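In what follows, a single structure is set out as structure tokens and then discussed.
Model, not experiment: these values are computed from the prediction. Nothing fancy with the numbering, it's 1 onward along the sequence.
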Amino acid sequence: MSKAQDPFYIVKEEIQDSIDKLQASFHQWERVPPGTGEQVHLTKDLLANCESIEWQVDELDKAISVAARDPSWYGINEVELESRRRWTTDARIQVADVKKAVGAGKENDNSASAIRRELMRLPNSQQPDVSNHYSAKDNDDFIASESDRQMLLIKQQDEELDELSASVQRIGGVGLTIHEELIAQEKILDELGNEMDSTKNRLDFVQKKMAMVMKKAGAKGQIMIIIFLLVLFIILFILVFFT
């Protein structure tokens, strides 16, 4: 089976695309100032994508374990199995690194948020006076800008979730196809086994009959049977190859 037809490589390509997008989103997350609304949305999106990719890699590992029970049946060898296991391990490490970094950043944001909440509970006389730095117009512009950016982030997240949903559906379809193919092959093997058993029983019956005939015919009868079969073979040979 070529790589273009192997379900493993189809699923592998889907997962690799998801990992590439995850890495791109992670680099964007690193450039966003901490504590902003954009970082919060990117953090949620990254953690959700990590969970999804980990599930896909787990399902691929299960398929590799099934193939490892009888590699020759699937047309692969131990070298190919080891290569597939290494790829899933590397993919899992990449996702785990992103998940760990994002999780650490999220904890830091939570700590900063707690500090801000404590400051908000201080008396007005102890809070920094920031109202003098911004006019009412600047506040309106800032709110409008933040609203537009939030809408853009929500739209981007919806598009990425749609792509993720389509990817999961394709992987599910490939898994269903593999399952149906295995069921069909198992049915074929059962039918072949039944035919072999039936043929063996018929052959045993013919051998017993021949043994009985040879025993009843005696030595002279056996010679006559051999001569008859030889003549019959010569006639059939002539009919097949010279007519």
Side-chain angles (χ1 to χ4, degrees), residues 8-62 64 83-122 127-128 130-131 133-135 137-172 174:
F8 171 82
Y9 287 99
I10 296 174
V11 178
K12 175 185 174 182
E13 184 177 354
E14 294 284 348
I15 296 176
Q16 187 61 57
D17 288 342
S18 298
I19 292 176
D20 293 340
K21 292 179 180 178
L22 179 71
Q23 295 285 358
S25 298
F26 175 67
H27 293 320
Q28 180 183 358
W29 177 85
E30 290 180 316
R31 294 190 295 268
V32 174
T36 61
E38 183 178 359
Q39 192 197 46
V40 172
H41 283 287
L42 283 175
T43 299
K44 293 180 179 179
D45 192 26
L46 283 169
L47 292 177
N49 288 339
C50 286
E51 294 291 339
S52 175
I53 295 173
E54 286 177 342
W55 175 81
Q56 295 176 48
V57 174
D58 289 340
E59 292 299 315
L60 197 58
D61 264 336
K62 293 178 183 178
I64 294 174
S83 174
R84 297 184 179 189
R85 292 191 184 103
R86 282 198 305 271
W87 186 89
T88 56
T89 300
D90 292 340
R92 190 174 280 108
I93 291 173
Q94 293 180 58
V95 175
D97 290 342
V98 172
K99 190 175 181 180
K100 182 178 179 181
V102 174
K106 185 178 180 181
E107 291 179 0
N108 292 335
D109 290 343
N110 290 337
S111 299
S113 297
I115 294 173
R116 286 196 295 270
R117 286 194 296 269
E118 289 297 328
L119 289 173
M120 291 298 292
R121 285 197 290 267
L122 291 174
Q127 294 183 20
V130 298
S131 60
H133 298 283
Y134 298 99
S135 65
K137 184 177 182 302
D138 292 335
N139 287 335
D140 292 340
D141 292 341
F142 175 76
I143 292 173
S145 176
E146 282 295 317
S147 177
D148 292 340
R149 186 167 61 176
Q150 295 297 330
M151 292 296 295
L152 181 61
L153 287 173
I154 292 173
K155 182 179 179 181
Q156 180 182 359
Q157 186 177 12
D158 289 341
E159 291 175 353
E160 292 178 353
L161 287 175
D162 290 340
E163 293 179 1
L164 179 62
S165 176
S167 175
V168 172
Q169 289 178 357
R170 285 194 294 270
I171 293 174
V174 171

T88 meets the side-chain contact (heavy atoms from CB on, under 4.5 Å) criterion, sequence neighbours left out, with V57, L60, D61, I64
Partner set under ring pair (Phe, Tyr, Trp, His ring centres under 6.0 Å) for F26, not counting sequence neighbours | W29
Which residues pass the side-chain contact (heavy atoms from CB on, under 4.5 Å) test with T89, sequence neighbours left out?
-> I93
Residues in side-chain contact (heavy atoms from CB on, under 4.5 Å) with S167, at least two apart?
-> E14, S18, Q56, R170, I171
So how far is it from H41 NE2 to K44 NZ, rounded to the nearest 0.5 Å?
-> 6.5 Å
Sequence neighbours left out, cut at 3.5 Å: what donor-acceptor pairs do the side chains of residues 154-162 make with other protein atoms?
| from | atom 1 | to | atom 2 | distance (Å) |
| --- | --- | --- | --- | --- |
| Q156 | NE2 | E160 | OE2 | 3.4 |

Sequence-distant partners of D17, side-chain hydrogen bond (donor to acceptor under 3.5 Å, both in side chains), two or more places apart = none
List for me each residue that meets salt bridge (Lys or Arg N to Asp or Glu O under 4.0 Å) alongside D58, sequence neighbours excluded, and say none if there are none.
-> R92
Please, which pairs that meet salt bridge (charged side-chain N to carboxylate O under 4.0 Å, His left out) have at least one residue in residues 28-37, sequence neighbours excluded?
-> none
Between CG on residue N49 and CG on residue L164, distance to nearest 0.5 Å | 6.0 Å
Tell me, please, which residues at least two apart from E163 pass side-chain hydrogen bond (donor to acceptor under 3.5 Å, both in side chains).
-> K21
Go through the structure and list residues passing salt bridge (Lys or Arg N to Asp or Glu O under 4.0 Å) with K100, not counting sequence neighbours.
-> none
Could you tell me the separation between the NZ atom of K12 and the CD1 atom of I19, rounded to the nearest 0.5 Å?
-> 10.0 Å
Find out whether F8 and V174 are in side-chain contact, i.e. whether some heavy atom of one side chain is under 4.5 Å from a heavy atom of the other.
-> no
All side-chain contact (heavy atoms from CB on, under 4.5 Å) counterparts of K99, not counting sequence neighbours | L47, C50, E51, E54
